[in-house]
Amino acid sequence: MKKTLCLVLSLLLAFALLPFAGVAAEEAPLTGEISVQAEEGWMDYYKAAIDRVLEANPDAKINLIEMGAFDHLDTIDNTDAGNPDVADVFAIPADRIYGLTDAEVLGAIDAEKLVEKIGGWKDFEAFNEGIGGNFKIEDEYFAFPFNIETLIVFINSANAEAHEIDIEKPIELTEVKDPATVLLPAFDAWYGVALSNSAEIELLGREKEEAAEDYTFFSDLTSDWSDLPEEKQAFFTALYDYWKLNFDANTTLFDPEAGWGYIDDNFTSGQAGVYRLGGPWDTGAISKKANDGKDLVIKPITDITINGKPLLHWKGGWGLAINSRIEGDEEKVALAEALIAELVNPEHAAELFNATGKILENVPAEDYEKFEDLKDIDKDVIKAVIESYQDAPARPLFNEWGRVWDTYKNAVLSWNSVKPESAEAAYAELQASFVAMMETLAAEQ
């Protein structure tokens, strides 16, 4: 009886210890050696994150490769994932996800495990509804959110006061009389989509038919003027009128070379420029134009409207990816994921922003507001980005969208030489260019 009781107690003790053994196995220090790409200004932040990872994993090694993110991508494009100059962990813009996975450069990431570990999202569904879902292809994730970004509004308050413009309410683009009041490079599709998104205009979309594996592409700009809904005709009329306002005033805003200088000159305190679009990465340069920030006010992109509808940019951002060459090495992958989790640790969101300008999706604006080591202007930028991002549509990530950049730009700039006499005539130039683009896409399918 005693032997039986001892056996039973031993078994119960063994089963009781199993969960703890599992946790211990999961938390065992990692080994292995990996490399990570970081830009020059990111190095100190990355070193600190690496130190925190290695403190828990003293037998592991993480090497820093100092290289610009786009330079690193160029290295990948010109060689392959096996190149030793290509890091095991690196930053990628969301719009490169499909091209890099097609080239078999990226390894899969356990996003659900990282979401649970890092925290900040309501649940995994909320993660997928944000930028995290952009990194999912079929059933796997090939990057983890590094930041969110979208365009916001920069306002020169001194110029606004001098020209009696009330910046406490949104400005309507169609009511602007002075072309310098709103400095919007509408010929550039990166900024132009902020206008077209407000009218739900699809420059290039794709849809998958149930019975087919391939996608069908479409564009609203292939429709005849008479077939456009009234609100879309109103949008193209507003775009044409904005161009005409600048054309008649002989400004250089719609000049791809001189336009940017024109924007900077007019936004300078003491001039006529009041509103301009930019990203959080533009804050430093724009601040210098606005009396070193003393005259700078930052608002969400919705502070400019067109036909009564607020401007909307895209839900853009970057991800942290893992090199496919380490995919078969469980220790290296685990170490890479541990590093990613530390790089985007919400506890260090302020340091991350100060070092990189990156804004974490899983940290609310009110939490950023509490960070004492963030400047007030940085808190304003972060708040504006988060507000602008919430209502923005998802950025199209498929490779074919790249055709839109030059198609849109060249068509809008053609107005300078064609000199259309009406919005309908101006739209005809856009339509012709997009019809040609769609015919090329169809021929390549």
Quiz item: Hey, which of Arg403, Glu207, Arg206, Met437 is the one that makes side chain to side chain contact (heavy atoms under 4.5 Å, CB included) with Phe217?
Solution: Arg206
Quiz item: For Glu444, does the CD atom sit with more than 12 other heavy atoms under 6.0 Å from it, leaving out its own atoms?
Solution: yes
Quiz item: Which atoms form the tightest heavy-atom contact between Leu64 and Met43, and what is the distance?
Solution: CD1-CE, 3.9 Å
Quiz item: Taking everything shown except Glu125 itself, do over 12 heavy atoms lie less than 6.0 Å from its CD?
Solution: no
Self-check item: Atom pair NZ (Lys47) and CG (Leu54), whose distance is rounded to the nearest 0.5 Å
Solution: 13.5 Å
Quiz item: Hey, does the side chain of Asp59 reach the backbone of Thr31 with a donor-acceptor pair shorter than 3.5 angstrom?
Solution: no
Self-check item: Residue pair Glu369 / Lys379: nearest heavy atoms and the distance that separates them
Solution: O-NZ, 2.8 Å
Quiz item: Any side-chain donor paired with an acceptor under 3.5 Å for Ser269 and Asp295?
Solution: yes
Quiz item: Judged by modelled atom types alone, do Thr251 and Asn246 share a side-chain donor-acceptor pair under 3.5 Å?
Solution: yes
Quiz item: What distance separates Ile97 CD1 from Asp102 CG, expressed to the nearest 0.5 Å?
Solution: 10.0 Å
Quiz item: Will you find, in the side chains of Gln271 and Asn159, an N or O donor that is under 3.5 Å from an N or O acceptor?
Solution: no
Quiz item: Do Asn354 and Glu351 have side-chain atoms, one donor and one acceptor, less than 3.5 Å apart?
Solution: no
Practice problem: Find out whether the Lys NZ or Arg CZ of Arg96 is both under 6.0 angstrom from the six-membered ring centre of Phe90 and within 45° of the ring's axis. | Solution: no
Quiz item: Which class fits the ring pair Phe127 and Trp121: parallel under 30°, tilted 30 to 60°, perpendicular over 60°?
Solution: perpendicular
Quiz item: If you draw a 6.0 Å radius around CD in Glu200, do more than 12 non-hydrogen atoms from other residues or ligands fall strictly inside?
Solution: no
Self-check item: Shortest non-hydrogen separation from Glu400 to Leu204 and the atoms involved
Solution: O-CD2, 3.5 Å
Quiz item: Roughly how far apart are Asp378 CG and Phe353 CZ, rounded to 0.5 Å?
Solution: 4.0 Å
Quiz item: Minimum heavy-atom separation for Leu151 to Gly279, with atom names?
Solution: CD2-N, 3.8 Å
Practice problem: Taking the six-membered ring for Trp and the single ring otherwise, decide whether the centroids of Phe124 and Tyr141 are under 6.0 Å apart. | Solution: yes
Practice problem: Using a 4.5 Å cut-off on heavy atoms from C-beta on, say whether the side chain of Leu335 contacts that of Asp88. | Solution: no
Self-check item: Taking every non-hydrogen atom, the tightest pair across Ser198 and Pro310
Solution: CB-O, 3.2 Å
Exercise. Supply the atom-to-atom distance Leu339 CG to Leu320 CG, rounded to the nearest 0.5 angstrom.
Key: 8.0 Å
Quiz item: salt bridge (charged side-chain N to carboxylate O under 4.0 Å, His left out) between Asp220 and Lys232: does it pass, once the steps are laid out?
Solution: CA-CA 9 Å; Asp220 288 343; Lys232 294 186 178 180; 3.0 Å; yes
Exercise. Could you tell me whether Trp401 and Trp314 have their ring centroids closer than 6.0 angstrom?
Key: yes
Exercise. Please assess Trp243 against Phe187 for the test side chain to side chain contact (heavy atoms under 4.5 Å, CB included), listing each intermediate value before the final yes or no.
Key: CA-CA 9 Å; Trp243 166 82; Phe187 65 85; over 6 Å; no
Self-check item: Within 6.0 angstrom of Glu33 CD, more than 12 heavy atoms from elsewhere
Solution: yes
Quiz prompt | Check: Glu104/Ser324 side-chain N/O donor and acceptor closer than 3.5 Å | solution = no
Quiz prompt | Test side chain to side chain contact (heavy atoms under 4.5 Å, CB included) applied to Leu430 and Thr407, Thr222, Leu221, the passing residue | solution = Leu221
Exercise. Can you measure from OG1 (Thr268) to NZ (Lys288) and round to the nearest 0.5 angstrom?
Key: 12.5 Å
Exercise. Looking only at non-hydrogen atoms, find the nearest pair between Gly192 and Tyr408 and report the distance.
Key: CA-OH, 3.8 Å
Quiz item: Between Arg276 and Asp264, is the closest basic N to carboxylate O distance under 4.0 Å?
Solution: yes
Practice problem: Determine yes or no for a side-chain-to-main-chain donor-acceptor pair under 3.5 angstrom, with Glu337 supplying the side chain and Ile109 the backbone. | Solution: no
Quiz prompt | Within the 6.0 Å centroid threshold, strictly below: Trp260 and Tyr191 | solution = yes
Quiz item: How long is the span from the CG atom in Leu195 to the CG atom in Leu173, to the nearest 0.5 Å?
Solution: 6.5 Å
Quiz item: With a distance cut-off below 6.0 Å to the six-membered ring centre and an angular limit of 45° from the axis, does Lys315 pair with Tyr389 as a cation-pi contact?
Solution: yes
